[in-house]
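Since the structure comes first, as structure tokens, the remarks are kept for the end.
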Amino acid sequence: MPAILLVNGPNLNMLGKREPGIYGSDTLADVERLVSEKAHQLGYQIITFQSNHEGEIIDKIHEMREQVEGILINPGAFTHYSYAIRDAISAVSLPVVEIHISNVHARETFRHQSVIAPIAVGQVVGLGIKGYELALEGLVHYLQSQDRE
Ligand code: CA2
């Protein structure tokens, strides 16, 4: 079964444990289960990874480059300034869909910019954890349309 890497960045291990008003009450394990189940229905397996450390996220993206067809990523606050994660994604030449649980555009100004977005296939923003499922569908649709070319 082809695989997709799901990366969650800093503090997302706290999902469901703090700030339910912004991020909801589902845990990271719930999110990973939701995406894995949906992926299986679509004929993909999910490799999950969460880290609070920029270098670990970069290492994982490098490590998985031959094993996955694409990447789903919620880079957390790294979204807004990590040129290093952006370069890692560019370096592996894999399609990426960026996810944000909250509507970053309705929050502080520093969250309005994403340095990842210009190299992503697309973004899903502000739809809660449902956004992960929608991002998966978008990525699979993109991969299948590439296969037909
Ligand atoms: O909305 C998103 O998904 C974010 O990527 C979440 C990041 C934030 O820095 C981005 O601007 C937008 C923060 C993740 C923090 O996650 C927590 C979850 C529960 C409790 C506390 C933090």
Side-chain angles (χ1 to χ4, degrees), residues 2-42 44-65 67-143:
I4 288 170
L5 176 64
L6 169 63
V7 178
N8 278 288
N11 297 306
L12 287 156
N13 55 312
M14 298 298 285
L15 271 181
K17 297 176 181 156
R18 293 279 160 93
E19 302 192 69
I22 301 177
Y23 298 113
S25 52
D26 291 298
T27 65
L28 181 61
D30 294 330
V31 170
E32 291 177 344
R33 193 175 329 108
L34 179 87
V35 178
S36 294
E37 283 172 8
K38 182 78 188 178
H40 278 115
Q41 290 168 16
L42 297 172
Y44 287 81
Q45 63 170 302
I46 295 290
I47 296 166
T48 61
F49 183 72
Q50 189 277 329
S51 175
N52 295 323
H53 305 280
E54 189 177 27
E56 286 183 3
I57 293 172
I58 292 165
D59 287 345
K60 193 69 179 180
I61 291 168
H62 292 170
E63 184 193 325
M64 286 292 127
R65 71 185 185 281
Q67 280 140 74
V68 300
E69 310 288 308
I71 301 174
L72 298 169
I73 187 166
N74 181 345
F78 287 142
T79 304
H80 314 301
Y81 64 92
S82 179
Y83 298 115
I85 291 177
R86 173 188 165 134
D87 284 349
I89 293 168
S90 294
V92 298
S93 298
L94 288 167
V96 166
V97 177
E98 179 183 339
I99 303 152
H100 297 290
I101 298 167
S102 64
N103 179 359
V104 283
H105 302 291
R107 300 182 65 194
E108 303 94 323
T109 313
F110 77 87
R111 296 188 204 276
H112 297 180
Q113 197 205 356
S114 166
V115 301
I116 310 297
I119 56 146
V121 170
Q123 274 181 319
V124 181
V125 170
L127 299 178
I129 69 158
K130 177 75 182 172
Y132 284 85
E133 208 178 315
L134 297 172
L136 170 68
E137 285 179 356
L139 179 59
V140 168
H141 182 266
Y142 176 85
L143 291 170

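What you are looking at is a predicted structure, and each value in this text was computed from that prediction instead of being measured. Each ligand, and each atom within it, is numbered from 1 in the order the structure gives.
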Quiz item: In order of chain and number, which residues sit within 4.0 Å of ligand 1 by heavy atom?
Solution: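 Shell around ligand 1 (4.0 Å, heavy atoms): P10, N11, L12, M14, L15, R18, E19, Y23, N74, G76, A77, H80, H100, I101, S102, V104, R111.
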Practice problem: Among residues two or more places apart or on two chains, list those pairs meeting side-chain hydrogen bond (donor to acceptor under 3.5 Å, both in side chains) that have a residue in residues 78-95. | Solution: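 Found E54-S82.
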Self-check item: Heavy-atom pair of closest approach, residues P95 and E69
Solution: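 Minimum heavy-atom separation between P95 and E69: CD-O, 3.3 Å.
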Quiz item: What heavy-atom pair brings V125 and S102 nearest, and what distance separates the two atoms?
Solution: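 Closest approach of V125 to S102: CG1-O, 3.6 Å.
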Listed pairs under 3.5 Å, donor-acceptor, residues 126-140 side chains, sequence neighbours left out:
unit_1	atom_1	unit_2	atom_2	d
K130	NZ	E133	OE2	3.4
Y132	OH	N8	OD1	2.6
Y132	OH	N74	ND2	3.2
E137	OE2	K38	NZ	3.0

Exercise. Count the heavy atoms belonging to other residues, nucleotides or ligands that lie under 6.0 Å from NE2 of H112, then report whether that count exceeds 12.
Key: yes
Quiz prompt | Residues forming a side-chain contact (heavy atoms from CB on, under 4.5 Å) with E108, sequence neighbours excluded | solution =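 side-chain contact (heavy atoms from CB on, under 4.5 Å) check on E108 returns F110, R111.
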